[in-house]
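By convention in this document, chain letters (A, B, ...) are assigned in the order of the sequence lines, proteins followed by strands, and residues within each chain are numbered from 1.
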Amino acid sequence: MMQALREPTAEMEVIYQHPAALSECRTHYCPGCTHGIAHRLLAEAIDELGIRERVILVAPVGCAVFAYEYFEVDGCEAAHGRAPAMATGIKRSCPENLVITYQGDGDLASIGAAEILHAAARGERITTIFVNNAVYGMTGGQMAPTSLLGQKTTSSPAGRMATLTGYPLHMCELLSGLQGSTYIVRRSLHDVRHIRQAKKAITTALRVQMAGLGFGMVELLSSCPTNWGLTPEQAMGWIETKLIPQYPLGDYKVTDEAKALEKAG
Amino acid sequence: MMQALREPTAEMEVIYQHPAALSECRTHYCPGCTHGIAHRLLAEAIDELGIRERVILVAPVGCAVFAYEYFEVDGCEAAHGRAPAMATGIKRSCPENLVITYQGDGDLASIGAAEILHAAARGERITTIFVNNAVYGMTGGQMAPTSLLGQKTTSSPAGRMATLTGYPLHMCELLSGLQGSTYIVRRSLHDVRHIRQAKKAITTALRVQMAGLGFGMVELLSSCPTNWGLTPEQAMGWIETKLIPQYPLGDYKVTDEAKALEKAG
Amino acid sequence: MKVECLFSGFGGQGVMFAGQLLAYAAMDAGLDVTWIPSYGPEMRGGTAHCLVVIADHPIGSPVVMHPQVAIVFNGPSFDKYEPLVAAGGLLVVNSSLVPRSSTRANLTHVRVDATQIASQLGDTHLANMVLLGAALTARPLLPLPAIERALDAHLPERHRHLLAPNKQALAAGAEVLTSP
Amino acid sequence: MKVECLFSGFGGQGVMFAGQLLAYAAMDAGLDVTWIPSYGPEMRGGTAHCLVVIADHPIGSPVVMHPQVAIVFNGPSFDKYEPLVAAGGLLVVNSSLVPRSSTRANLTHVRVDATQIASQLGDTHLANMVLLGAALTARPLLPLPAIERALDAHLPERHRHLLAPNKQALAAGAEVLTSP
Amino acid sequence: MPKELLKGNIAIAEAAVRAGMQAYFGYPITPQTELLEYLSARMPELGRTFLQAESEIAAIHMVYGAACTGVRAMTSTSSPGYSLMQEGLSYIAASDLPCVVVNMMRGGPGLGNIQPSQGDYFQMTRSAGHGDYHPIVLAPASVQEAIDFTLLAFTLAEQYRHLVILAADGQVGQMMEPAELPPLLPVAEERPVWALTGARGRGKNIISSLHLRAEEEEIANQRIQARLLTICANEQRSTEYATDDAELLVIGFGTAGRIAYSAVEAARAKGLKVGLLRPQTLYPFPEDRLSRLARQMRSCLVVEMNAGQMIEDVRLAVAGRIPVRFYGRMGGMVPMPDDVLTAIEEAYALHAAVV
Amino acid sequence: MPKELLKGNIAIAEAAVRAGMQAYFGYPITPQTELLEYLSARMPELGRTFLQAESEIAAIHMVYGAACTGVRAMTSTSSPGYSLMQEGLSYIAASDLPCVVVNMMRGGPGLGNIQPSQGDYFQMTRSAGHGDYHPIVLAPASVQEAIDFTLLAFTLAEQYRHLVILAADGQVGQMMEPAELPPLLPVAEERPVWALTGARGRGKNIISSLHLRAEEEEIANQRIQARLLTICANEQRSTEYATDDAELLVIGFGTAGRIAYSAVEAARAKGLKVGLLRPQTLYPFPEDRLSRLARQMRSCLVVEMNAGQMIEDVRLAVAGRIPVRFYGRMGGMVPMPDDVLTAIEEAYALHAAVV
Amino acid sequence: MAHGMIIVDEAHCKGCALCTTACPQQILEIDTQTLNDRGYHPAHLADPAGRCTGCAICAVICPDACITVYREARAKQGGGKDA
Amino acid sequence: MAHGMIIVDEAHCKGCALCTTACPQQILEIDTQTLNDRGYHPAHLADPAGRCTGCAICAVICPDACITVYREARAKQGGGKDA
Ligand SMILES: Cc1ncc(C[n+]2csc(CCOP(=O)(O)OP(=O)(O)O)c2C)c(N)n1
Ligand SMILES: Cc1ncc(C[n+]2csc(CCOP(=O)(O)OP(=O)(O)O)c2C)c(N)n1
Ligand code: SF4
Ligand code: SF4
Ligand code: SF4
Ligand code: SF4
Ligand code: SF4
Ligand code: SF4
Ligand SMILES: [Mg+2]
Ligand SMILES: [Mg+2]
């Protein structure tokens, strides 16, 4: 049996380290919040594709409001929900750059529903990372359009009721119906296997943009231990047992060109 | 052979006359504009269901901006695109009333995309008459999200190009994917047979609301002779040959309860 | 010198274009000019009018209450503007559509059967040129050839084939006043 | 009489609740009181503080630059507020997490191993009560039983089972100062 | 009712409930979210309408719709959300609809931060959207006033069929103070005659702000302006402290006014003849009272949590008769009484210099 | 270039093109739609960006995005659409981004009508959204000025990295007049150093208006305020007519100012000592010039197409030294020179009464 | 064949001619001699032979609801609907 | 089995414990004795037996990217990837 190590030996090599596109600063995310994982995956994808110097990141209003601080890329702050419109303005002015929006479910599916819908319908050549945690994280856990029926939140204290507030919104299903969308998939961040799949999807989505195809979005089922009132580990379980059944993982739209890129990747 | 008549004889009875729910005033619509037909059908449906005194109509900003003048029902004016939100406020405050929004394609599918999406997702118990004429009528014929590829408008003078402005939005297809929607159908106003079918759909949609089921919408393919640069008759032909192929008529979502009402009607 | 000309009628009667032609001609004559449209409260159909101010010095207000020249194409326009024409002004009326006559003594009142004349020229839409021809004959703000040059330069491409008829209509309007 | 008390620490250390208890007790004692929270720029985690002003007359500003009493739960709070305590004021420090001591001569400086004591009582979250108990012993703004009554009335339902430990913690804090 | 220790946000929410609010629509935004959260439990409990809208735009148009039906309707938001409501507010005002909007101001412009601010003074008093009108704007400085002004807001809204803004800041929303709530008023059974309730047994009712004829739009505007004149004549409200023999008048509203109160107290303790005017209505601005007070003063000092906005109303009211000085903090910074005191002393020293 | 007979809307559009505008985003709304329509053909012709946005909100955020990349970006709208842009404008201003917004005002509030109006004066000069700042506001009165100010707007926007609003009304947009367009300027090749273009060979650039620390937000605000001071010092613009020996000063901007010009001409013809000041910048308001002129006047008369908004700036500038009277029309009514003349005569008669 | 007739509300008709093309009997025409006060030529029934069946097709397509349709009662009875 | 090790950046670790549950070797634990300056107990490698395989699973799940993973080179060669 091997000996315990406190420092890597000379023969050891780094198998995994902090991605270059991710800043070395501390994030303000809660312990165990998978926003952090989403960030890391995006940074890794950027590194691997060698596009760090071409990316322009549009941060949302939501817990990821400081996203532009956390990536070593050019970045800006959109108003709540308007990241797709802002990204449109950027992409049309800098078609050679790679424009990424990073948005929460309140941001993208609630206040920003029109902007994401139209960006997708236009086939805007941008990439959206959509972090769905079924709740408004930043403002303290209110109901989101993606909250589950029965889910107790700070603005649906008796649990979300369909008769009063309707049904969870499925953004992948919705946007994949639009001709302008090219790559629309849903992944989850609740365990290592799924995280790896998510990473692959993000990479493909960026490739889609690099190839100048249409609108791409990767929805990531994500945790909010703080507002769900769960430990980080329990929260991962909640994604698996509650969120995924309501939001099935899968490829909602992958055009043939996108498929080709996916394989090539 | 019968004799020509200039006045009805005593034996004659009125087979068709101006519906009571439609005001006796002149509309400001252009000659041959099928907004007028949509109005008449809605008025007839209201009369036949005997609900004139319960209806609250929300007029849009668009050519139908004066709709509240043209119906003998309580009515109000929404800001551009916000009719579904306004209708929500009304319906929640007057659940016994029947709340109808009447909206154009610019109003509903462009600026008001978020509001209609969320009203449908909430299963808001309102009825939306969606007049799709593939153009911004009121402001003089600019491109709408529903304009066809290649369609020349005053803001797409070279014809709508997918690479620049994306693809036509199909609202029935989109909204029928939402669990909160109950009755989502598309009809056309281009000839007598289709007009009769449209009338039937409007009646069913209102019944759906009377029964307290979820969100209902009847999309009506409609003409804009003025901005299409066609005669009224040619415009009817354009609906048939151009619009319908892009926007197939049909029932996009009719829940079982709604089906039962449809049959009963 | 400063003169304000009002053109008023149904949408579709060529009211705006008649006013613009006058404005173009005035500009080419080295005068200052403003053209300002106004669409009635009806969004579609309904009345439309435009006001052209021509002056040999910079123009302040492009709007006036009492225009010196008014060319009215239809009944509602007559009713609205007949009382407003400035004293000593000119009122040109499309008598084809306006049965009433002005009873005002302090203005020059010209009635032209413009729609009828235009229809004889083959297109009722030419009534605007008939009226303009008559107006400029009654009050020669600019010579008719200046208007013809403006027509040459500004008749929209899709109406190009109507250049000659437009000029004929202008002449026909002028003739109403010159022929006995 | 008017006194301002600052409570400052990490989010989750019960800073806000300690302040609220004091406010409730003051109100029940018939005094005027304001409680005002402030969350640090970090949205999550990070520091939080609240300020309680107690007076026997209507309170104007609920904020002050130099509080008379400061109860600091952690290092960053010590660094920030130690210099700001009013001359003659009281500084209560959670010595479990703050190794540094104040060098200021013009204030009463009390160090309480609060997190440690709380952990001995079974829950580090009780440190807030330990500190409050100590503070009110060092400067008896209100008698401890008043705080106990406030606890009875306002401890959230879900923490009800911790009522007794909370009171023990209060007492333990007081003891730090009373026992030799 | 006995006093309770209440948080501003909760106090406003419960006061609105007790005032008979029948419908609330809102969207989360710090620092007013607690208000929405509280109502999400409280309104259904009473069988009333609570709905979290998909955006502030939807929220204000839901309020617009609800107000059309004659119910007491309200929304609440904070600065960026308030900006989004501008179009809807203009429609509501143009339609002569009573309703109440809470703006719990935060640091701006842009996304800014969630600290207390008074940076939307202009946007509330001068222009809640396009076109000519002013909402009534009430500015509470304490939890008790927040309660009282919530009641007042509904009363004024209905009395004048006019939009009322409750202009507070994060500090008023977050602060806890002992305060007394009113009893739960019964909800109005009857809807007003102009309300949309279905044209049963009467002609149709129409609510619209469209007047294509400029002449008619001008008449609609004149009606609004006439109403505003009445409002200005009747509804100016302010409170004062130590103005009797004051030579320097400090003027501040809401949180700034309250902090200034402590500073004025301290200045008095130092023997300076200083008084405080705290406007409680921002529109109508208490210009009559200020104009009268100004006669006796040698100068005034405006204290705001912004770059100087109310100061324009002060300057308009004193019309050049005395110097108007300014002390302000911006971007979520709350002025400290000590700093205001320093500003007072400086302003006061200038009097001495003049003598 | 020779003069052409140009319509205001088209003139602004083409002037923007010639000023090197690289990206335009807009949404149809009368009375500015022609501008958008013109650009829908013109911009692609030059290989530049034209996009009809799904709403005014999307349009302003597209402009925001484009401006972040350092291109010359513009949008245009009219009153209700301008209301919808408030949040976006506040973000843009807070982010120190140069860009140009045209507001072709129409009758309001609410849906109102499409006639010319000046009802958004406050919303443009006082508060383009929440928080403390003022955009630069330029008010053309003729087609030529519309062209010149469009150029100026881009220049000032870039010089100060500040938001510039071109404040016109339906009349300026719809009117045709002879005017001269500038030559087509080459589009800037280089993007500014702060622009988002990808962090190639440099550290990352960030554009954000978020400053969670109030201290930092205050610094950001101070930076804006300092810039506004410079702007106020350097950019006040106005034009005058017959002020030399005038005793009554008429003040009006844009269309109202131009109509007032005719009325002043007529008054002069009647021998009245009347002059005109027409502010060309509404922010910064030409208070220095007005304040100087006021010394020589016995009173002034403000003419606006609203209920009286600029009058506040006038009153602030004259600070009570002379009476300020008002003549206004609302809701899309355009004042007639005759009526302004009557108002002038009445105001003038009051001088005589005083003597 | 039932016997019918229609009356066009000339003041409201906008002369769009949709009824004229829709009428299966081709007995409606635009009256270019008449101009209503909005400036439109209204449609009118030109049915010297009394061919109008009262089918109401014209009314169904009329965007301005300005056609009233009459039919002889027996026709309706013939349709068996009025029993 | 390859031989590996990890280093946790304690200043950045938030003690969420996701790595501890994910590690197939169960050799990561939260160090309740240490408190970083944000008030969190960081995770640390407790691998006296040297069971860490360098599989990087802990790093893949760490939301704060604060785990660096090392592995002996031959292990990698063994994987045939570095050929
Ligand atoms: C116009 C506007 N409305 C509301 C807010 C307040 N707000 C900030 S974040 C947020 C919700 C964020 O939720 P989500 O997008 O799901 O992101 P998460 O925090 O869950 O990652 C809201 C409502 C705001 N900043 N601006
Ligand atoms: C906020 C706002 N933006 C824009 C407008 C201008 N506007 C009025 S109607 C309209 C489009 C109407 O098109 P559509 O909804 O398709 O109705 P249609 O006229 O074709 O029936 C627009 C853009 C407005 N009134 N308000
Ligand atoms: S509040 Fe939720 S989403 Fe936001 S950082 Fe915390 S855990 Fe993550
Ligand atoms: S513009 Fe088009 S949609 Fe509007 S009334 Fe005319 S024909 Fe109908
Ligand atoms: S009722 Fe039938 S037959 Fe008679 S005119 Fe109408 S369409 Fe023709
Ligand atoms: S369809 Fe109606 S409006 Fe059109 S011509 Fe016939 S009667 Fe007139
Ligand atoms: S690398 Fe693998 S074995 Fe080693 S600590 Fe991490 S998860 Fe455990
Ligand atoms: S997963 Fe990362 S942040 Fe969480 S405990 Fe492990 S090392 Fe620390
Ligand atoms: Mg979320
Ligand atoms: Mg349309």
Side-chain angles (χ1 to χ4, degrees), chain D residues 2-7 16-44 46 48-68 81 84 86-87 142 146-147 149-151 153-154 157, chain E residues 2-9 30-31 34 107 112-116 141-144 169-180 239 241-242 250 252 255-269 276 278 303 305 329 331-342:
Chain D
K2 178 163 140 232
V3 56
E4 307 93 9
C5 310
L6 177 97
F7 297 76
M16 299 299 176
F17 184 63
Q20 282 178 4
L21 272 190
L22 181 61
Y24 280 119
M27 183 182 70
D28 292 341
L31 297 167
D32 196 16
V33 62
T34 61
W35 171 93
I36 192 158
S38 166
Y39 302 94
E42 301 82 7
M43 286 155 296
R44 303 284 152 206
H49 75 254
C50 67
L51 188 67
V52 178
V53 182
I54 302 174
D56 55 9
H57 60 276
I59 295 167
S61 176
V63 293
V64 291
M65 187 94 84
H66 303 293
Q68 291 168 37
Y81 294 109
L84 292 181
L142 291 167
I147 302 290
R149 278 194 302 277
L151 264 174
H154 300 286
E157 208 49 59
Chain E
K3 288 205 173 184
E4 303 167 56
L5 192 66
L6 287 170
K7 200 167 192 179
N9 279 323
T30 314
E34 290 157 312
N113 59 30
I114 58 177
Q115 317 301 330
S142 67
V143 173
Q144 188 63 56
D169 59 63
Q171 178 151 318
V172 171
Q174 303 282 322
M175 186 168 48
M176 289 178 95
E177 274 188 301
E180 194 181 328
T239 180
Y241 165 67
V250 179
T255 291
R258 184 168 177 163
I259 291 166
Y261 172 89
S262 289
V264 169
E265 247 186 342
R268 279 280 169 186
L276 174 77
R278 180 163 64 78
V303 180
M305 281 151 58
R329 300 303 300 264
M333 291 301 289
V334 176
M336 288 291 152
D338 297 4
D339 297 331
V340 179
L341 177 60
T342 308

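Between D:Pro37 and E:Gln174, the shortest heavy-atom distance links the atoms CD-O, 3.3 Å. In plain terms, the two heavy atoms of E:Pro337 and D:Val64 that are nearest each other are CD-CA, 4.3 Å. Residues E:Arg258 and D:Thr34 share a closest heavy-atom pair of NH2-CG2, 3.4 Å.
With a threshold of 4.5 angstrom between heavy atoms, E:Met175 approaches chain D through its backbone and through its side chain. Using a 4.5 Å cut-off between heavy atoms, D:His66 contacts chain E through its side chain alone, with no backbone atom that close. Neither the backbone nor the side chain of E:Asn113 comes within less than 4.5 Å of any heavy atom of chain D. Only the backbone of E:Pro335 has a heavy atom closer than 4.5 Å to any heavy atom of chain D.
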Quiz item: Where do D:Val63 and E:Gln171 land on the side chain to side chain contact (heavy atoms under 4.5 Å, CB included) test, with the steps shown first?
Solution: CA-CA 10 Å; D:Val63 293; E:Gln171 178 151 318; 3.8 Å; yes
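Contacts of E:Tyr241 classified as side-chain hydrogen bond (donor to acceptor under 3.5 Å, both in side chains), with partners at least two apart in sequence or in another chain: none. The side-chain hydrogen bond (donor to acceptor under 3.5 Å, both in side chains) test applied to E:Arg268 returns E:Asp245, not counting sequence neighbours. Scanning for salt bridge (Lys or Arg N to Asp or Glu O under 4.0 Å) contacts around E:Glu265 gives an empty result, with sequence neighbours left out.
Residues of residues 17-26 of chain D having a heavy atom under 4.5 Å from any heavy atom of chain E, listed by number: D:Gln20, D:Ala23, D:Tyr24.
If you take NZ on E:Lys3 and CG on D:Asp28, they are separated by 13.0 Å, rounding to the nearest 0.5 Å.
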